[in-house]
Amino acid sequence: MTLDVHVRDLRYFVAVAEELHFTRAAERLYVSQPALSKQVRALERQLGVELFRRDRHGVALTDAGTALLPYARRVLADWAEGAAAVEAARAAQHSTLVVGMSTSPVRGGLLPAIRSRFTAAHPEAVIRLRQVNWEDPSAGLADGAADVAFVWLPLPGQERYDWTVVAEEPLMVALPDTHPLCDRTEVDFTDLLDEPFLALPQSTGPLRDYWLALDARDGRPPRIGAEIASTEETYEALTAGLGVCLVAAGNVPLLTLGGVTARPVRGLTPSRYVLAWRREDGRRPLVRAYAQACRRVTGRS
């Protein structure tokens, strides 16, 4: 008996054995039914036995086919693991991890700490930071421009992503220094209902709604003073008196540069800042490693 059997032939055999139907197996393998039948016949000739009994009642495994099936599955599983290990080694040797962000995570040296842990484990990998404006709330994940990204929840198409929480922070309101509410130490959200708000672009969908606190308005539509797509635009709109805006506590230093005051807000749920990645990329070695480094730095592992 010849032992020089191709992995492809075993994959074809297993598909037919599991489906017990050549047409369904061919559809599963994305090959034509005649091509599949021909290849299975060739495998039977190589092994010198019939693997399937074919008659007008359908397809059934022979004793030889039944005996081969668990070993064929084992070979395919081992080959898949071997191929994955090779791909992981190749990716680790020659790869760049693109980290997207729309707001710089200025939280206690977060980025340098994550980079330090990540590069200690993968010194050959290159990290490239990619800053995007707020028109893309996924910070490059949605179009594949980033591998992982620091983003705010909720995300449009959130079911596409997995994440680890970086920070849960109370909301504050950023106001021009001349605003009457600056005299208070804390503001109730009901006192902001009639204020003009700075809003994210329409493309941000549920994230725009979150920062306008739609859930806390009891159906009252917000007044939009201006749309903003970056920290710089937000600061300029605030100092120009175009409106007020909600901001996570950790981002307050980005806006209170002069002419802007921030006050805590009662009556709103905290914001969630996360490191996210596309769900199908969760098994990629560098994505996993960066997420793990993030968890350890934030104490969430």
Side-chain angles (χ1 to χ4, degrees), residues 1-98 100 122 125 138 140-149 155-164 205 276-292:
M1 178 192 299
T2 178
L3 299 179
D4 188 19
V5 173
H6 293 292
V7 172
R8 177 199 60 193
D9 297 332
L10 294 179
R11 188 174 294 114
Y12 285 8
F13 161 70
V14 169
V16 177
E18 291 177 347
E19 298 291 341
L20 292 179
H21 195 285
F22 275 84
T23 300
R24 286 198 299 267
E27 291 172 351
R28 168 174 153 182
L29 295 165
Y30 299 100
V31 299
S32 69
Q33 188 270 330
L36 175 60
S37 295
K38 180 181 178 181
Q39 210 62 44
V40 170
R41 290 286 190 192
L43 177 61
E44 289 175 322
R45 285 195 299 272
Q46 275 187 286
L47 298 176
V49 294
E50 283 193 344
L51 300 172
F52 298 101
R53 186 166 49 253
R54 309 157 178 86
D55 58 31
R56 60 189 180 86
H57 300 296
V59 178
L61 281 165
T62 63
D63 289 345
T66 300
L68 176 61
L69 183 57
Y71 297 98
R73 284 173 171 156
R74 189 183 308 167
V75 169
L76 292 177
D78 287 346
W79 177 254
E81 288 186 16
V86 170
E87 173 58 22
R90 184 201 64 77
Q93 290 172 357
H94 308 287
S95 58
T96 297
L97 187 77
V98 181
H122 295 274
S138 76
L141 289 180
D143 64 4
D147 300 305
V148 297
L155 279 170
Q158 191 160 294
E159 68 281 355
R160 297 178 54 198
Y161 308 105
D162 286 325
W163 58 80
T164 181
W277 54 90
R278 290 175 296 276
R279 186 159 289 173
E280 65 267 22
D281 290 343
R283 295 179 62 85
R284 289 179 52 196
L286 294 188
V287 169
R288 284 207 319 262
Y290 196 87
Q292 183 62 25

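- Rounding to the nearest 0.5 angstrom, the gap separating the CG atom in L36 from the CZ atom in R11 is 12.5 Å.
- Scanning both residues, A17 and L69, for their nearest heavy atoms gives CB-CD1, 3.8 Å.
- In this structure, the side chain of R288 engages the main chain of R283 through a donor-acceptor pair within 3.5 Å.
- Side chain of Q158 to backbone of L155: a donor-acceptor contact under 3.5 angstrom is found.
- Within the 4.5 Å cutoff, no side-chain heavy atoms of R8 are placed close to those of V31.
- Counting all heavy atoms, side chain and backbone alike, V14 lies closest to A72 at CG2-CB, 3.7 Å.
- Using a 4.5 Å heavy-atom cutoff, the side chains of F22 and R54 are in contact.
- Using a 4.5 Å cut-off on side-chain heavy atoms (C-beta onward), H6 and Q46 make no contact.
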Q: Test Y290 against D147 for side-chain contact (heavy atoms from CB on, under 4.5 Å), laying out the working first.
A: CA-CA 10 Å; Y290 196 87; D147 300 305; over 6 Å; no
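- Heavy-atom minimum distance, S95 versus L286: OG-CD1, 2.8 Å.
- R279 approaches Y161 most closely through the heavy-atom pair NH2-O, 3.0 Å.
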Q: Before giving the answer on side-chain contact (heavy atoms from CB on, under 4.5 Å), spell out for F52 and E44 the whole-Å C-alpha distance, their side-chain angles and the decisive distance to 0.1 Å.
A: CA-CA 9 Å; F52 298 101; E44 289 175 322; 4.2 Å; yes
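- Checked by atom type and distance alone, the side chain of R278 pairs as donor or acceptor with a backbone atom of A146 at under 3.5 Å.
- Residues T62 and R53 come closest through the heavy atom pair CG2-N, 3.7 Å.
- The heavy-atom pair separating L141 from A149 by the smallest distance is CG-CB, 3.7 Å.
- Q33 places no side-chain N or O within 3.5 Å of a backbone atom of T23 that could act as its donor or acceptor partner.
- The shortest distance between side-chain heavy atoms of E19 and E27 does not fall below 4.5 Å.
- Between the CG atom in L51 and the CZ atom in R41 there is a gap of 10.0 Å [rounded to 0.5 Å].
- When each of L43, V5, L76 is checked for a side-chain contact (heavy atoms from CB on, under 4.5 Å) with F13, only L43 meets the rule.
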